Participant: 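Please read through the structure below; I'll follow up with questions.
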Amino acid sequence: MRIDLHTHSNRSDGTDPVPELVAHARASGLDVLGLTDHDTADGWVEGREAAEAEGIGFVPGIEVSCRVGTTSVHLLAYLADPAYPPLAGELARVREGRSGRVPAMIARLNALGVAITVEDVLAEAIGTPSVGRPHVADALVVAGAVADRKEAFDRYLAEGRPAHVQRYAIEPGRAIELVRAAGGIPVVAHPWGRGSRQVLTADMIARLVADHGLAGLEVDHQDHDAADRAALREIATGLGLIVTGSSDHHGLGKTDHDLGVNTTAPDQFEALLARAKASAAASSASPPEAFLP
Ligand code: AMP
Ligand code: ZN
Ligand code: FE
Ligand code: FE
């Protein structure tokens with residue numbers, strides 16, 4: 001069983017349409033695909049239909065934008081009801097913040113001498129309710145200002161670079177509680193990727209478990225080297241957390257993140273499904289089920 005539980009389609013900042021992502025997953029030898037677009041469940045219906053047609057498993061998820069101070073933290077919400085009002089309201093607020101910051105980023109780029117408009121960015125984000133920096137990066141590529149997404153982040157868009165603008169995001173403890181109340185399973189994405197290593201200490205992770213009900217850690221991710229993975233696995237084991245692994249595939253939008261490059265062990269996937277069943281039973285929301293052929 002090859003299980004990849006964290007991928008993006010063009011409903012957020014991946015480049016594959018959902019049916020192509022699912023077909024690509026099957027062609028890559030995956031048995032189960034998790035679709036986790038940023039702050040939206042938009043691709044779920046199409047994803048499940050495509051998975052049924054392709055004969056592979058499908059786990060609906062959302063990668064929820066969180067923040068600790070000024071540091072971005074991502075929370076994978078598996079099998080949560082996206083229509084549960086408190087969660088739906090927060091996700092809508094995050095998406096509004098995504099769209100709302102685009103003019104400020106454009107103003108900064110213009111001040112830096114880069115000729116680019118809000119419309120140029122929106123043209124790169126057609127069909128997604130979740131506009132992100134990668135769409136700004138794509139517009140910069142089209143404008144000839146940079147060669148690729150990576151150069152756009154390195155020069156302009158990464159935290160600390162001149163066109164970076166903060167947007168609304170959820171406090172992780174609160175996001176974890178919302179996901180659980182919506183009948184889902186909260187797993188911290190790439191805990192030691194980029195800046196989040198500084199804030200997601202072993203103590204902080206333990207608090208997210210004890211005080212809020214965090215259920216898992218994404219240990220096997222391209223942002224983690226072998227030492228990170230060993231240390232995170234030890235933390236997860238000590239806290240009784242589910243351990244996941246995934247590609248964080250973004251289509252052509254990110255190199256070195258091919259589907260299945262990291263996978264989740266079948267016993268950990270079983271544990272996630274079992275906890276999801278219990279979470280759903282305890283919830284007043286209407287969470288979806290995983291599709292398993
Ligand atoms: P946003 O949702 O606007 O905060 O942008 C986050 C997306 O940008 C995620 O998909 C990341 O993979 C990508 N990203 C964030 N930082 C970088 C970076 N330094 N280089 C390339 N991609 C990045
Ligand atoms: Zn992304
Ligand atoms: Fe992420
Ligand atoms: Fe991701």
Side-chain angles (χ1 to χ4, degrees), residues 4-16 21 33-43 59 61-68 70-78 91 93-106 108-109 121-122 124-125 128-141 146-170 187-197 217-218 220-224 244-259 261-262 264:
D4 186 341
L5 291 181
H6 175 174
T7 67
H8 298 268
S9 74
N10 67 0
R11 297 302 174 94
S12 65
D13 57 12
T15 59
D16 298 335
L21 175 68
L33 177 74
L35 176 66
T36 53
D37 276 312
H38 297 283
D39 307 307
T40 180
D42 249 33
V59 180
I62 300 171
E63 187 171 13
V64 180
S65 297
C66 300
R67 201 165 63 223
V68 178
T70 59
T71 304
S72 162
V73 169
H74 288 173
L75 184 74
L76 294 162
Y78 291 111
L91 292 175
R93 210 172 152 196
V94 172
R95 291 193 302 266
E96 281 159 25
R98 287 176 162 283
S99 305
R101 78 169 159 174
V102 174
M105 297 179 86
I106 294 303
R108 294 216 187 165
L109 287 163
V121 173
L122 297 183
E124 299 304 317
T128 170
S130 189
V131 187
R133 282 175 287 166
H135 300 114
V136 180
D138 291 346
L140 287 168
V141 172
V146 296
D148 53 24
R149 281 186 177 184
K150 185 181 183 313
E151 188 187 348
F153 274 90
D154 291 347
R155 282 178 67 180
Y156 299 115
L157 304 174
E159 274 169 43
R161 302 306 298 156
H164 181 261
V165 175
Q166 198 87 259
R167 59 180 167 82
Y168 178 73
I170 313 170
V187 174
V188 174
H190 44 71
W192 288 354
R194 300 214 172 86
S196 56
R197 171 190 303 268
L217 286 186
E218 184 180 60
D220 290 303
H221 185 280
Q222 293 302 81
D223 286 356
H224 301 149
T244 69
S246 60
S247 63
D248 201 357
H249 185 65
H250 279 70
L252 302 173
K254 237 181 187 182
T255 53
D256 198 29
H257 287 256
D258 290 344
L259 285 169
V261 65
N262 302 294
T264 298

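It should be emphasised that the depicted structure is a prediction, and the values quoted were computed from it without experimental measurement. Atoms within each ligand, like the ligands themselves, are counted from 1 in listed order.
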Participant: Can S246 and T7 be said to form a side-chain contact (heavy atoms from CB on, under 4.5 Å), step by step?
Facilitator: CA-CA 8 Å; S246 60; T7 67; over 6 Å; no
Participant: Identify the protein heavy atom lying closest to atom 13 (C) of ligand 1, giving its residue, its atom name and the separation to 0.1 Å.
Facilitator: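 Scanning the protein heavy atoms, the shortest distance from atom 13 (C) of ligand 1 goes to F153 CZ, 3.7 Å.
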Participant: Suppose we only count N/O/S atoms under 2.8 Å; would H8 qualify as near the Fe ion (ligand 4)?
Facilitator: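 Coordinating: yes.
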Participant: Might you work through the side-chain contact (heavy atoms from CB on, under 4.5 Å) test for L33 and V59, ending with a clear yes or no?
Facilitator: CA-CA 6 Å; L33 177 74; V59 180; over 6 Å; no
Participant: Please confirm whether R101 comes within less than 3.5 Å of ligand 1 when only nitrogen or oxygen atoms on both sides are compared.
Facilitator: yes
Participant: Side chain, backbone, both or neither: which applies to S65 and ligand 1 if a contact is any heavy-atom pair less than 4.0 Å apart?
Facilitator: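 It is neither part, as no heavy atom is under 4.0 Å.
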Participant: Are I170 and V94 packed together at the side-chain level, in the sense that at least one heavy-atom pair is separated by less than 4.5 angstrom?
Facilitator: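 They are in side-chain contact.
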Participant: Of all the N, O or S atoms in E63, which one sits nearest to the Fe ion (ligand 4)?
Facilitator: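 Of all N, O or S atoms belonging to E63, OE1 is the one nearest the Fe ion (ligand 4).
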Participant: Please confirm if an N, O or S atom belonging to H6, backbone or side chain, lies less than 2.8 Å from the Fe ion (ligand 4).
Facilitator: yes
Participant: Does ligand 1 have any atom that is closer than 4.0 Å to a heavy atom of H8?
Facilitator: no
Participant: Does at least one non-hydrogen atom of R98 fall below 4.0 angstrom from an atom of ligand 1?
Facilitator: yes
Participant: Test of understanding: with side-chain contact (heavy atoms from CB on, under 4.5 Å), list the residues that count as partners of A163, not counting sequence neighbours.
Facilitator: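 In terms of side-chain contact (heavy atoms from CB on, under 4.5 Å), with neighbours along the sequence ignored, A163 is linked to R108, L109, Y156, L157.
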Participant: Would you indicate whether the side-chain heavy atoms of R133 and H164 approach each other to under 4.5 Å?
Facilitator: yes
Participant: Could you list which atoms of ligand 1 come closer than 4.0 Å to a heavy atom of G132?
Facilitator: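 Counting from 1, the qualifying ligand atoms are 3 (O).
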Participant: Taking the side chain as C-beta and beyond, is there a heavy-atom pair between L259 and L21 under 4.5 Å?
Facilitator: yes
Participant: Can you list the steps and then say if I106 with V121 is a side-chain contact (heavy atoms from CB on, under 4.5 Å)?
Facilitator: CA-CA 9 Å; I106 294 303; V121 173; 3.7 Å; yes
Participant: What's the shortest distance from atom 6 (C) of ligand 1 to any protein heavy atom, and which residue and atom give it?
Facilitator: R133 NH2, 3.7 Å
Participant: What residues, two or more places apart in sequence or in another chain, satisfy side-chain contact (heavy atoms from CB on, under 4.5 Å) together with R197?
Facilitator: W192, D228
Participant: Is the backbone N or O of G193 less than 3.5 Å from a side-chain atom of S196, with the two atoms forming a donor-acceptor pair by type?
Facilitator: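 A pair under 3.5 Å: yes.
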Participant: Enumerate the atoms of ligand 1 whose separation from the nearest heavy atom of H38 is less than 4.0 angstrom.
Facilitator: 9 (C), 10 (O)
Participant: Is any side-chain heavy atom of S65 less than 4.5 Å from a side-chain heavy atom of Y168?
Facilitator: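 The answer is no; the side chains never approach within 4.5 Å.
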Participant: Measure the shortest side-chain to side-chain distance between S247 and N262 over non-hydrogen atoms and say whether it is less than 4.5 angstrom.
Facilitator: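 When only atoms from C-beta onward are counted, N262 and S247 do not touch, as no gap falls below 4.5 Å.
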Participant: For atom 19 (N) of ligand 1, what is the nearest protein heavy atom, given as residue, atom name and distance?
Facilitator: R194 NE, 3.5 Å
Participant: Can you list the ligand 1 atoms lying under 4.0 Å from a non-hydrogen atom of P134?
Facilitator: 5 (O), 7 (C), 8 (O)
Participant: Counting from 1, what ligand 1 atoms have a heavy atom of R167 closer than 4.0 Å?
Facilitator: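 Reading through ligand 1 atom by atom, the close ones are 1 (P), 2 (O), 4 (O).
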Participant: Could you identify the single nearest non-hydrogen protein atom to atom 12 (O) of ligand 1 and state the distance to 0.1 Å?
Facilitator: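 Nearest neighbour among protein heavy atoms for atom 12 (O) of ligand 1, to 0.1 Å: K254 NZ, 2.7 Å.
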Participant: Does D13 reach ligand 1 with a nitrogen or oxygen that is under 3.5 Å from one of the ligand's nitrogen or oxygen atoms?
Facilitator: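 Checking ligand 1 against D13, an N or O pair does fall under 3.5 Å apart.
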Participant: State which residues pass ring-ring contact (aromatic ring centres under 6.0 Å, His included) with H190; sequence neighbours excluded, sorted by chain then number.
Facilitator: H74, H221
Participant: Applying a strict 4.0 Å limit to heavy atoms, is K150 in contact with ligand 1?
Facilitator: no
Participant: Tell me, with the steps shown, if R98 and D39 meet salt bridge (Lys or Arg N to Asp or Glu O under 4.0 Å).
Facilitator: CA-CA 10 Å; R98 287 176 162 283; D39 307 307; 3.0 Å; yes
Participant: For N/O/S atoms only: which one belongs to D248 and is nearest the Fe ion (ligand 4)?
Facilitator: OD1
Participant: Any nitrogen or oxygen of H250, side chain or backbone, less than 3.5 Å from one on ligand 1?
Facilitator: yes
Participant: Checking L76 against L5 for the side-chain contact (heavy atoms from CB on, under 4.5 Å) test, could you report, in this order, the C-alpha distance in whole Å, the side-chain angles of both residues, the deciding distance, and whether it holds?
Facilitator: CA-CA 9 Å; L76 294 162; L5 291 181; over 6 Å; no
Participant: Closer than 2.8 Å to the Zn ion (ligand 2), what protein N/O/S atoms do you find?
Facilitator: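 You should have found D13 OD1, D13 OD2, H38 NE2, H250 NE2.
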Participant: Quick one: are the ring centres of H8 and H38 less than 6.0 Å apart?
Facilitator: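 Yes; H38 has its ring centre under 6.0 Å from that of H8.
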